Amino acid sequence: MSQADTICARATASGRAGVAIVRVSGAAVPAIAAGLFGSLPPARQAVLRAFRDGSGEAIDTGIALYFAAPHSFTGEDVLELQGHGGIIVSDLLIERVLELGARLARPGEFSERAFLNDRIDLFQAEAIADLIDSGSRAAVRAAQRSLSGEFSRRVHALDEELTQLRIFVEAAIDFPDEEIDFLADDELTARLDRLGSSFDALDETCRQGCLLGEGVQLVLAGRPNAGKSSLLNALAGYDAAIVTPVPGTTRDLVREAIDLDGLPVHIIDTAGLRESADLVEQEGLRRTHSQLAQADHALLLVDASEPVDATLAGLRRELPAGLATTVVHNKIDLTGDPPGLVDGAEDTVRVSALTGAGLPMLRKLLATRLGYAGIQEGSITARRRHLESLRQARARFETGRRLLAEQRAGELLAEELRLAQQDLADITGEFTSDDLLGRIFASFCIGK
């Protein structure tokens, strides 16, 4: 599909509503406006128009807004049609726009055109999707800062530091008689140290941004009747899962989203881990193991009124290698144990899902275990691919610094710095492959 095509899509959610917005972008906007209601309205002025079909019959009456290129979201001529929110009404309006020369937009194609027309960079485009999908108020604010270009500016600032270091290195390479003195120059060492610190600071910002933007997949795992569903309900604040004294009540996955001091956490309650001849329970166990394989973190629940060590040893054998865990001794209302951290253990807490005792400490411990630093000034949202690109750039930089120390070769340092800049450019989209762009924008909703 060509970028020269004029595209059209509903920009509001499908369904019955007070208002539906149909968005059109491309060179055919003036002709489409003329066919719909006679003439193109003045730019950036809301006008009331009757939207008509090919025979002149009114489809709907609503507001038309025209944004002239390049002063629009996509950088092209854009027409927004605000009509009544009935499904059939907006479908008829879209059909008429298609008759007049547009085609249906792909998911994310409006944002993709904004990127391709240099209205936003790739990081800002992704921040649009993050803003829509935000799972907490903190994530909304962080996504807004990303959309405003705050993180992009920090990436560009790091890129400028790399550029200045490359200039310094490559200038010495051009004068080989002086290269040995240059390689021993304290100024070079100081520049390398400053750049390493800049990488560290941006890495921490990006890591926190990943937590805010994508949230955390947290799986509740344990034996039947350990209290997993009760804990899910306690953390969610309402009865999201069925709780009974009968072992094996939970056979399918129960998902719930909570806000952990601004961090979106996607909790998944799973079937109790045990051997079973029941075919339904076996399927539940298969799904449990599948979720554990995809989890960022697991809460291992044990019944504090039963032997804990043996239960924990058995549970750990069923976990994927390398999965981070926090251990929860539940049902302390039956044992009389005090709530809070277990002495001498940094990853174990005592709670009662029934009474709520120890839950504040569990939430605090979870935030620590997940590496979440809380809501901070200047927080942004980010994605794993941004963190991977940043860490790849950091690895290039460290390789160059090591080669300089071992082989005293400025050429090798200069090349690694150049490759590091290409990795940073992947974040903002300056050197991003078409294949990656396709995958990114395909994850957007239609109409954005």
Side-chain angles (χ1 to χ4, degrees), residues 135 203 206-232 234-236 241 250-258 260-261 263-276 281-304 306-330 341-342 344-351 353 358-359 361-373 382-385 387-388 391:
D203 182 272
C206 193
R207 190 179 64 80
Q208 293 294 318
C210 284
L211 290 173
L212 276 175
E214 298 188 352
V216 174
Q217 295 284 344
L218 179 68
V219 172
L220 303 182
R223 300 300 185 208
N225 264 13
K228 299 184 298 299
S229 297
S230 297
L231 182 60
L232 172 69
L235 291 173
T250 301
R251 297 189 172 196
D252 204 351
L253 305 176
V254 180
R255 303 171 187 272
E256 191 60 40
I258 68 166
L260 184 66
D261 300 325
L263 174 64
V265 177
H266 310 286
I267 303 181
I268 304 169
D269 184 18
T270 62
L273 294 169
R274 68 173 178 179
E275 295 293 331
S276 175
E281 193 168 356
Q282 287 177 8
E283 174 60 20
L285 290 169
R286 186 193 67 78
R287 297 186 182 191
T288 295
H289 286 292
S290 175
Q291 288 301 313
L292 285 169
Q294 302 172 44
D296 296 309
H297 200 89
L299 282 184
L300 291 186
L301 264 74
V302 293
D303 187 339
E306 298 179 355
V308 169
D309 292 340
T311 303
L312 265 180
L315 287 176
R316 293 190 189 280
R317 285 195 294 269
E318 299 193 48
L319 297 180
L323 176 61
T325 61
T326 296
V327 178
V328 180
H329 293 192
N330 190 28
L341 293 174
V342 173
E346 297 180 351
D347 64 347
T348 306
V349 63
R350 297 189 189 96
V351 307
L359 290 186
M361 179 55 70
L362 172 59
R363 295 174 70 95
K364 183 177 179 180
L365 178 61
L366 256 182
T368 301
R369 299 281 294 156
L370 294 171
Y372 178 55
R383 299 187 174 195
R384 293 180 194 272
R385 78 164 195 90
L387 189 58
E388 289 168 3
R391 289 181 173 174

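The figures that follow rest on heavy atoms only: side chains count, while hydrogens, waters and symmetry mates do not. Note that the structure is a prediction, hence the values are computed from the model and not measured.
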Note to self: Show the nearest heavy-atom pair for residues Leu212 and Pro264, with the distance to one decimal.
What the structure shows: O-CG, 3.6 Å
Checklist line | Closest approach of His329 to Ala304 (non-hydrogen atoms, all atoms of both residues) | finding: CB-CB, 4.2 Å
Note to self: Quick one, Leu235 and Arg363 - any side-chain contact, counting heavy atoms below 4.5 Å?
What the structure shows: yes
Note to self: Under the rule for salt bridge (Lys or Arg N to Asp or Glu O under 4.0 Å), what residues qualify as partners of Arg384, not counting sequence neighbours?
What the structure shows: Glu214, Asp296
Notebook entry, point to check: Any side-chain heavy-atom pair from Asp303 and Thr311 closer than 4.5 angstrom?
Noted result: no
Next item on the list: For Lys228 and Arg223, indicate whether the former's side chain and the latter's backbone hold a donor-acceptor pair under 3.5 Å.
Entry: yes
Next item on the list: Scan Val308, Val328, Asp309 and name whichever one has a side chain to side chain contact (heavy atoms under 4.5 Å, CB included) with Val302.
Entry: Val308
Checklist line | Asn330 (side chain) donor-acceptor with Ala226 (main chain) under 3.5 angstrom | finding: yes
Notebook entry, point to check: Can you tell me if Tyr372 uses its side chain to pair, donor with acceptor, with the backbone of Leu260 under 3.5 Å?
Noted result: no
Item checked: Residue pair Ala298 / Leu292: nearest heavy atoms and the distance that separates them -> CB-CD2, 4.2 Å
Checklist line | Backbone N/O of Gly371 and side chain of Gln208: donor-acceptor pair under 3.5 Å | finding: yes
Next item on the list: Would you name the heavy atoms of Leu231 and Leu359 that are closest together and state the gap between them?
Entry: CD1-CD2, 3.6 Å
Next item on the list: Mind listing the closest non-hydrogen atom pair of Asp347 and Thr325 along with its distance?
Entry: CB-O, 4.2 Å
